[in-house]
There are 2 protein chains.
Amino acid sequence: MSDWSLDGSSGVPLYVQLRQQIISRIITGEWPPGFQLPTVRQLAVDVRINVNTVSKVYSQVEQEGFIVTQKGKGTFVRSELSWRQSAQGRGEELQQFAKLVKEMADAQGISLGELMEVLTDMRNKERPS
Amino acid sequence: MSDWSLDGSSGVPLYVQLRQQIISRIITGEWPPGFQLPTVRQLAVDVRINVNTVSKVYSQVEQEGFIVTQKGKGTFVRSELSWRQSAQGRGEELQQFAKLVKEMADAQGISLGELMEVLTDMRNKERPS
DNA sequence: TCCATTGTCATAGTGTACTATTACAATATA
DNA sequence: TATATTGTAATAGTACACTATGACAATGGA
């Protein structure tokens, strides 16, 4: 599924969205340890943003322990040991957010099943394969 | 839960975060129809941002049909939530809600895939088949 | 060695989020 | 009528997200 969905008009900065999608790929295992990420220049072309913005994201994600970059070689996913801790904190945020979503759905008499159905459609439309 | 969690270092604009938390309160019923929202000045103090930023958020949320503001009086949750009523039936309502959920997820750096995974677990635990 | 590829950095320009400050308009109350 | 409170608006300054461009450093292969 290696395509991207960046929304330049959502108010959320591009580098935040890109970072999220990269980390998501790593955590889900789509990009396993040792996997070489797209080059900064290639990714910049793919998602149609500037090289500097991609570089900024890579640096940040490296700071968080998910990847390691090497000049002249490329950028690679680190072993799981390195980012498990970061992933844990992220998981807790996720739980909290999911709980809120459920509360909101309940308040409107919307079941999680219904909601997820629509979200699935929404995601499929966003990334036309 | 009437406190706020604005993260000024998350990269997500404050006005985006504040908008979502306000809408969330309205949808969950914590702020029912007719409820008077904090004054722009009070909210500015509470969340430690500028009055103009709060005012910008209120204007936006009013545009979306959730609240109505009156000079000299205050800002109130609308009695008929127009974003719901204007929607033609339950399908539209669902779409609107799902869209909001996606916006909120984006703003928190959470992908729909991750969210749905957690929601699925949550549902399975609720009603073990 | 030469050359292409990798990530990084510096500079400069544009747009916007956020701030502080001040002033104004509409409303409620004494 | 005064006074306080409400939301709104104008101005100006700071910070940063994003861009384009060009140059540099490390790596690897011909």
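Chain naming here is simple, since letters A, B, ... match the order of the sequence lines and numbering starts at 1 in each.
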| Minimum heavy-atom distance between Arg25(A) and Asp3(A), given as atom pair plus value |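 Where Arg25(A) meets Asp3(A) most closely, the heavy atoms are NH2-O, 2.6 Å.
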Please state how far atom [atom1] in [X] lies from atom [atom2] in [N], giving the value in whole angstrom units.
| X | N | atom1 | atom2 | value |
| --- | --- | --- | --- | --- |
| Leu18(B) | dC18(C) | CG | C1' | 13 Å |
| Gln63(A) | dT8(C) | CD | C1' | 14 Å |
| Gln17(B) | dA17(C) | CD | P | 13 Å |
| Leu14(A) | dA17(C) | CG | C1' | 15 Å |
| Arg19(B) | dA17(C) | CZ | P | 13 Å |
| Arg48(B) | dC18(C) | CZ | C1' | 17 Å |
| Leu43(A) | dT6(C) | CG | C1' | 14 Å |
| Lys71(A) | dA26(D) | NZ | P | 6 Å |

| Hey, is the main chain of Met116(B) close enough, under 3.5 Å, to the side chain of Thr120(B) for a donor-acceptor pair? |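 Between the backbone of Met116(B) and the side chain of Thr120(B) there is a qualifying donor-acceptor contact (under 3.5 Å).
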| query | Can you list the steps and then say if Arg19(B) with Glu103(B) is a salt bridge (Lys or Arg N to Asp or Glu O under 4.0 Å)? | reply | CA-CA 11 Å; Arg19(B) 166 185 167 273; Glu103(B) 286 173 11; 3.0 Å; yes
Interatomic distance, [X] atom [atom1] to [Y] atom [atom2] [nearest 0.5 angstrom]:
| X | Y | atom1 | atom2 | value |
| --- | --- | --- | --- | --- |
| Glu62(B) | Leu37(B) | CD | CG | 11.0 Å |
| Asp106(B) | Ser5(A) | CG | OG | 7.0 Å |
| Leu115(B) | Arg123(A) | CG | CZ | 10.0 Å |

Looking only at the side chain of [X] (C-beta and beyond, no hydrogens), which of the listed nucleotides [options] gets closest?
| X | options | answer |
| --- | --- | --- |
| Tyr15(B) | dA28(C), dA26(C), dC18(C) | dC18(C) |
| Thr69(B) | dC18(C), dC18(D), dT8(D) | dT8(D) |
| Thr75(A) | dG7(C), dT21(D), dA17(C) | dG7(C) |
| Thr53(A) | dT19(D), dT8(C), dT8(D) | dT19(D) |
| Ile49(A) | dA17(C), dT19(D), dT8(C) | dT19(D) |
| Asn52(A) | dT21(D), dT27(C), dC18(D) | dT21(D) |
| Arg41(B) | dA10(D), dC9(C), dG7(D) | dG7(D) |

| Looking just at side-chain N and O atoms, do Asp7(A) and Ser9(A) make a donor-acceptor pair shorter than 3.5 Å? |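 Yes, Ser9(A) and Asp7(A) have a side-chain donor paired with an acceptor closer than 3.5 Å.
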| query | With nearest nucleotides of DNA chain C determined for Gln36(A) and Lys73(B) from heavy-atom distances, which residue corresponds to the more 5′ nucleotide? | reply |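 On the 5' side of the pair lies Gln36(A).
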Table please: side-chain donor-acceptor pairs of residues 45-55 of chain A below 3.5 Å, with sequence neighbours left out.
| unit_1 | atom_1 | unit_2 | atom_2 | d |
| --- | --- | --- | --- | --- |
| Asp46(A) | OD1 | Gln42(A) | NE2 | 3.0 |
| Asn50(A) | OD1 | Asn52(A) | N | 2.8 |
| Asn50(A) | OD1 | Asn52(A) | ND2 | 3.1 |

| said: Under 4.0 Å from OP1 or OP2 of dA17(C): is there any side-chain N or O of Lys56(B) that close? | reply: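 Yes, within the criterion.
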| request: Kindly say if Asn50(A) contacts the phosphate of dA20(D), meaning a side-chain N or O under 4.0 Å from OP1 or OP2. | output: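 Result: yes.
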| Terminal axes of the helix from dT1(C)-dA30(D) to dA30(C)-dT1(D) (five pairs each): angle between them, nearest 10 degrees |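 It works out to 20° between the end axes.
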| Of Val51(A) and Gly72(A), the one whose closest DNA chain D nucleotide lies more 5' |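 By nearest-heavy-atom nucleotide position, the 5'-most residue is Val51(A).
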